[in-house]
Amino acid sequence: MNIDKIFKLAKGFYGRSKNCKSLARERVEKGLEYNYVSRRLKKRDFRALWIQRINAGSRQHDLTYNNMVRGLTASDVQINRKILSELAVSEPYSFKALTILAKDALSKLNGTSYKPLSPQ
Amino acid sequence: MSRAIFKNPLTTSPLWHVIDATGHHVGRLATKIACLLRGKHKPIYDKSATLQCGDYVVVLNAQKIEFTGKKWDQKLYRKHSGYPGGLKEIKAKDMREKNPEHIIRHAVMGMLPKNDSKIYLGQRLKVYEHLQNPHSGQIAKTPSSSLTVNMGPYIPEQLNPTDEQLKEYFAGYKLKIDDTDEAFSMVETKIKSHKEKLKKERRLLRLKRVNELKPLNIKTD
């Protein structure tokens with residue numbers, strides 16, 4: 001690559017890696033390799049974050065994440081985890097309505113030993 | 001989304017939780033405390049901003065906490081001074097007399113993430129021996145919310161299952177035996193499966209075809 005493009009990509013790097021040609025070339029190549037890998041990791045990380053947030057929001061209504069997803073899929077609701085996590089933060093009443101939907105569906109499924117969370 | 005939320009003072013003001021530890025078991029309480037310190041009970045949780053979404057926890061009556069089994073005699077708290085022969089082992093019952101706050105602290109610090117935020121989260125945990133604590137004024141000042149956990153002493157669960165729940169629980173384990181003679185004979189003798197029956201029939205068919213099976217000729221004289 002052209003050396004000017006490399007110096008443009010090397011802004012904010014530590015020490016002489018932003019000023020000197022050979023060091024900048026090495027560090028920029030490594031940075032682009034990390035970028036390639038983390039574009040695939042980003043999809044996994046965000047899904048884990050959404051699941052942690054839905055878990056916290058549903059435990060406020062006496063439900064765990066696994067039971068809530070089970071109830072929603074049984075009632076044929078196809079909302080994805082990204083929107084569910086945003087609803088838990090900014091629209092709590094609609095999230096509460098979804099938990100009620102899930103609890104109704106769970107009570108109709110066979111083989112459920114659904115035990116509510118203990119208050120302690 | 002998360003960066004804009006953390007600029008709101010309503011969400012970033014930490015909560016103060018008060019827990020009474022009489023009768024609780026150490027490890028099971030420590031998991032809940034670690035969850036509260038990190039902020040995992042809030043839907044705005046972010047693993048890169050634990051100090052902004054975490055809460056303060058005050059634990060009282062630390063001397064009345066309980067271990068199950070023989071751990072008061074067998075569990076050892078170890079530390080090493082760095083010099084040879086400098087291993088010191090303290091039993092749990094001796095620790096309860098010397099420094100009872102260390103029992104809960106040691107359990108919770110082992111459950112926090114092992115990074116730079118562990119020290120700062122450990123500073124937010126306040127453990128006291130008895131009910132006296134210097135935090136009552138600050139706790140009264142913070143605005144009340146439904147998310148604060150004010151836990152009392154331990155009350156063991158009392159399960160009262162209904163007949164339907166008992167049936168579901170034992171559904172796969174109880175055998176259904178009819179009150180016929182065939183069923184009684186099967187239970188007493190060795191119960192053979194369907195596959196062994198089929199094997200037996202196939203073996204008999206094979207022997208018939210090869211003319212090895214001959215009918216018994218009982219001669220009557």
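Convention: sequence-line order gives letters A, B, ...; per-chain numbering from 1. Since we're looking at a predicted model, the values are computed, not measured.
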Should we count [atom1] of [X] as having more than 12 external heavy atoms under 6.0 Å?
{"X": "L87(B)", "atom1": "CG", "answer": "yes"}
{"X": "N115(B)", "atom1": "CG", "answer": "yes"}
{"X": "E164(B)", "atom1": "CD", "answer": "no"}
{"X": "K18(A)", "atom1": "NZ", "answer": "yes"}
{"X": "D163(B)", "atom1": "CG", "answer": "no"}
{"X": "K118(B)", "atom1": "NZ", "answer": "yes"}
{"X": "H135(B)", "atom1": "NE2", "answer": "yes"}

#### Entry: Contacts of F13(A) that satisfy ring pair (Phe, Tyr, Trp, His ring centres under 6.0 Å) - sequence neighbours left out
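Testing F13(A) for ring pair (Phe, Tyr, Trp, His ring centres under 6.0 Å), a comparison that skips the adjacent residues, returns none.
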### Task
Can you see which heavy atom on D46(B) is nearest to which on R53(A), and at what distance?
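Shortest heavy-atom separation between D46(B) and R53(A) comes out as CB-NH2, 4.1 Å.
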### Query
What heavy-atom pair brings P43(B) and A56(A) nearest, and what distance separates the two atoms?
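Minimum heavy-atom separation between P43(B) and A56(A): N-CB, 4.0 Å.
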### Message
Would you say that S146(B) contacts Q60(A) through its side chain, given a criterion of any heavy-atom pair below 4.5 Å between the two side chains?
### Response
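No, side chains not in contact.
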### Message
Please classify the contact of K42(B) with chain A as side chain, backbone, both or neither, using a heavy-atom distance under 4.5 Å.
### Response
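When you check distances to chain A, only backbone atoms of K42(B) fall under 4.5 Å.
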### Query
Which residues, numbered in order, of residues 31-52 of chain A come under 4.5 angstrom of chain B by heavy-atom distance?
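Under the 4.5 Å heavy-atom cut-off, L49(A), Q52(A) qualify.
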